[in-house]
Amino acid sequence: MDVNVTTKKYCYPFLLAMLFVISFFAVRVPLLREPFGLEEGIFAELIVNRPSGPQYALAGRIDGEKIYEYISHPAAPYELLRLGGYLSQKILTYNVYLDDSSITPRLRLICSLYQFIFWGTLLLLVFFKRKLYGKWPILLIFAVMLSPLSIKTSVHLQIDNTSGVILCGAAALLFTMAGQINVSDQKKLLLLFAGGFIAGLGKQEWSFALLIATIVTVLLGLFKKSNADRKLSTLKFIALGVVGGLIAGNLASYSYDSTNYTKGFHILYRHVNIYEDSSPGWALVSWLALMKNRLPFVTICLMLLFVIFLSLFTNKKRNFLYHLVLFYGVFLFVGYILSDWHSQPRYYCPSLAVLAVSAITMTSHPLPRWYRRTLFWGSLLVFFSTVVFTIGYAPDRNLDLEYINSGQVKSSSGTVLYIRSGAGWNKPEIDYMNNNTPYELRKENVKEKFGKRLIKPTLQN
């Protein structure tokens with residue numbers, strides 16, 4: 001066998017896979033030991049001890065007994081995290097989880113595997129379909145996977161950056177597969193239904209984004225000049241398949257856990273009210289201030305949108321389903337980027353996955369020289385920002401955890417600490433309630449149900 005042929009067939013894929021694995025985990029090592037903050041203790045408990053629904057959320061511990069609450073979102077994303085816990089039990093033993101220095105990096109590593117699986121799958125698909133897409137999308141995947149947004153969020157214990165990437169990304173891939181020329185009508189309908197169903201299992205806002213994307217795709221398709229019969233047939237498949245799948249996914253989610261599914265609408269309504277109750281002047285000032293913090297992370301999403309915009313001029317294949325994926329990613333993105341409430345970087349992860357799929361499928365092959373240059377310099381800019389982010393990264397601190405570990409803060413008889421979940425979830429000696437609910441509400445609830453005083457640690461800022 002020709003040595004060059006053998007090298008091309010076996011050596012290149014192996015080197016590419018090794019480069020992907022090493023680069024993915026190398027840049028995330030500095031983040032693995034960052035103390036749990038905000039609501040991460042809830043998800044640590046979900047992965048390690050896997051409480052069953054509908055009360056997935058560890059709210060605190062009183063008199064040594066754990067208190068669980070409703071999670072107030074559809075259950076499927078949390079069940080995916082519980083599944084990760086089941087598959088990781090060999091490294092999540094009781095002795096380990098009581099030690100922060102042992103359990104924290106293990107749980108962060110487990111969560112990073114969700115994005116590792118998705119970006120790895122996408123890389124494999126592009127590599128084996130490079131006759132269709134070319135080699136440049138491989139660079140695009142590395143840029144996305146090594147972006148500050150992906151690095152920062154992938155190790156966090158949350159659902160947007162784990163289950164959200166899997167569910168929304170898988171739906172986008174299924175829609176893309178349905179858009180292939182050699183796919184039969186029956187298979188196309190099945191793929192569209194499956195994609196809609198998977199997307200419908202997630203948060204309601206993810207379903208709304210796909211529903212709006214479907215409506216926009218169909219409406220724009222009606223005005224497109226093309227074969228009328230074929231156009232109407234494709235648009236009918238899109239409408240029936242995606243919407244039917246969305247409805248089925250949401251019904252399945254409601255049937256599995258109606259309480260948390262319903263409460264998810266309450267959370268969504270509350271966030272909409274926060275935005276609508278803001279005065280226009282205050283909203284603009286607040287939004288501009290937030291954008292300064294968001295920009296280092298959302299830059300990769302803006303780059304993908306720019307790449308897709310260029311593709312609209314270079315790719316002569318106008319595929320309705322490729323446009324569906326584009327609109328899906330856009331509406332997932334703008335729903336958060338245009339809000340003036342403090343949305344964390346993880347909220348942009350579902351749109352990052354979908355926009356990455358869209359940017360790859362919308363590219364033409366071979367690429368024009370100016371397009372290749374734009375992609376090269378854009379990726380180089382992302383890699384530079386990643387280097388700056390990694391070198392200058394300073395882990396967030398959890399002061400509650402520091403004070404508890406140092407012995408400066410303790411719970412006493414008749415009192416309950418009001419602290420971050422990451423500080424108390426694996427401290428059996430501490431009686432606490434999470435501070436993700438307003439203090440006055442927690443205080444009243446603790447006094448009424450347990451006859452104890454809820455106190456803020458005196459050293460807490």
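Not measured: the values here are computed from a predicted model. All residue numbers in this chain count up from 1 along the given sequence.
- Classified by interplanar angle (parallel below 30°, tilted 30° to 60°, perpendicular above 60°), the ring pair F265/F208 is perpendicular.
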Test side-chain hydrogen bond (donor to acceptor under 3.5 Å, both in side chains) on R294 and Y348 and set out the steps. CA-CA 10 Å; R294 293 171 174 171; Y348 302 103; 3.2 Å; yes
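- Using a distance-only test at 3.5 Å, with no hydrogens or angles considered, no donor-acceptor pair links the side chain of S351 to the main chain of L332.
- Under the 4.0 Å criterion applied to side-chain N and carboxylate O atoms, E444 and K447 are not assigned as salt-bridge partners.
- Nearest heavy-atom pair, A57 versus I71, reported as atom, atom and distance to 0.1 Å: CB-CD1, 3.4 Å.
- The structure places CG of L246 at 11.5 Å from CD1 of I198, a figure rounded to the nearest 0.5 Å.
- Taking the side chain as every heavy atom from C-beta outward, C168 and Y328 approach each other to under 4.5 Å.
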Residues K203, D160; criterion side-chain contact (heavy atoms from CB on, under 4.5 Å); working and verdict: CA-CA 9 Å; K203 286 183 176 181; D160 305 82; 2.9 Å; yes
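- The structure places OH of Y432 at 10.5 Å from CG of N435, a figure rounded to the nearest 0.5 Å.
- When every heavy atom of P148 is checked against every heavy atom of T386, the shortest pair comes out as CD-OG1, 3.5 Å.
- The closest side-chain heavy-atom distance from F116 to V21 is below 4.5 Å.
- Defined by atom type and a distance below 3.5 Å, a donor-acceptor pair is present between the side-chain atoms of R28 and S150.
- With sequence neighbours excluded, the residues forming a side-chain contact (heavy atoms from CB on, under 4.5 Å) with A248 are F193, F197, listed by chain and number.
- Counted by atom type alone, S207 and N250 present one or more donor-acceptor pairs between their side chains at under 3.5 Å.
- Judged purely by distance below 3.5 Å, without hydrogens or angles, the side chains of R82 and Y56 never pair a donor atom with an acceptor atom.
- Looking only at side-chain heavy atoms (C-beta outward), L304 and L140 come within less than 4.5 Å of each other.
- In this structure, the side chain of R420 does not engage the main chain of N434 through any donor-acceptor pair within 3.5 Å.
- Here I215 contributes atom CD1 and L220 contributes atom CG; the two are 12.0 Å apart, rounded to the nearest 0.5 Å.
- Between the CE atom of M145 and the CZ atom of F118 there is a distance of 13.0 Å, given to the nearest 0.5 Å.
- In this structure, CG in L83 is found 10.5 Å from CZ in R50, a value given to the nearest 0.5 Å.
- Nearest heavy-atom pair across A75 and S253 is N-OG, 4.3 Å.
- Y439 and Y418 have perpendicular rings, their planes meeting at more than 60° on a 0 to 90° scale where under 30° would count as parallel.
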In sequence, state the C-alpha distance, the side-chain angles, and the governing distance for S147 and M303, and then conclude on side-chain contact (heavy atoms from CB on, under 4.5 Å). CA-CA 11 Å; S147 66; M303 173 193 157; over 6 Å; no
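- The side chain to side chain donor-acceptor pair (under 3.5 Å) pairs that include a residue from residues 165-177 number zero, where partners must be two or more places apart or lie in different chains.
- Residues I67 and L58 form no side-chain contact, since every pair of their non-hydrogen atoms from C-beta on lies 4.5 Å or further apart.
- The environment of OH in Y254 is sparse: at most 12 heavy-atom neighbours from other residues, nucleotides or ligands sit within 6.0 Å.
- Side-chain atoms of Y97 never come within 3.5 Å of backbone atoms of E45 as a donor-acceptor pair (strictly under, hydrogens ignored).
- Side-chain atoms of N260 come within 3.5 Å of backbone N or O of S72 as a donor-acceptor pair.
- With N319 contributing its side chain and G179 its backbone, the two residues share a donor-acceptor pair below 3.5 Å.
- Between the side chain of T299 and the main chain of L295, a donor-acceptor pair closer than 3.5 Å is present.
- Applying side chain to side chain contact (heavy atoms under 4.5 Å, CB included) to F175 and the options V357, I238, L210 leaves one that passes, L210.
- Atom NZ of K443 has 12 or fewer neighbouring heavy atoms from other residues, nucleotides or ligands inside a 6.0 Å radius.
- The distance from atom CG of L46 to atom CG of L81, rounded to the nearest 0.5 Å, is 5.5 Å.
- Ring geometry for F20 against F142 counts as perpendicular: the plane angle is over 60°, on a 0 to 90° scale with 30° as the lower cut.
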Could you go through the side-chain contact (heavy atoms from CB on, under 4.5 Å) check for I430 and L417 one step at a time? CA-CA 8 Å; I430 296 293; L417 297 178; 3.9 Å; yes
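- Between A239 and T214 the shortest heavy-atom distance is CA-CG2, 4.4 Å.
- Looking at heavy atoms from C-beta onward, L321 lies in side-chain contact with L192 at the 4.5 angstrom threshold.
- Nearest heavy-atom pair, A143 versus V382, reported as atom, atom and distance to 0.1 Å: O-CG1, 3.3 Å.
- Contact of the L441 side chain with the N445 side chain is not registered, since no non-hydrogen atoms from C-beta on lie closer than 4.5 Å.
- Here the side chains of V27 and F389 are not in contact, with every heavy-atom distance at 4.5 Å or above.
- Between the side chain of R61 and the backbone N or O of G424 there is at least one donor-acceptor pair closer than 3.5 Å.
- For R442 and E69, the salt-bridge test passes: some basic side-chain N is under 4.0 Å from an acidic carboxylate O.
- A pairwise comparison of heavy atoms in W119 and A356 identifies CZ3-CB, 3.9 Å as the closest pair.
- Between I159 and Y78 there is a side-chain heavy-atom pair separated by less than 4.5 Å.
- Side chain of S163 to main chain of P77: a donor-acceptor pair is present (N/O by atom type, distance under 3.5 Å, no hydrogens or angles).
- With no hydrogens or angles considered, no side-chain donor-acceptor pair links Q204 and Y261 at under 3.5 Å.
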Where do F25 and S112 land on the side-chain contact (heavy atoms from CB on, under 4.5 Å) test, with the steps shown first? CA-CA 9 Å; F25 291 108; S112 73; 4.0 Å; yes
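- In this structure, E65 places its CD atom where only 12 or fewer heavy-atom neighbours from other residues, nucleotides or ligands lie under 6.0 Å away.
- K188 places a side-chain N or O within 3.5 Å of a backbone atom of A178 that can act as its donor or acceptor partner.
- When only modelled atom types and interatomic distance are considered, T93 and N95 share no side-chain donor-acceptor pair under 3.5 Å.
- Although no hydrogens or angles enter the test, the distance criterion places a donor-acceptor pair under 3.5 Å between the side chain of T361 and the main chain of S358.
- Counting only residues at least two apart or on different chains, the salt bridge (Lys or Arg N to Asp or Glu O under 4.0 Å) pairs with a member in residues 100-123 are E40-R108, D100-K427.
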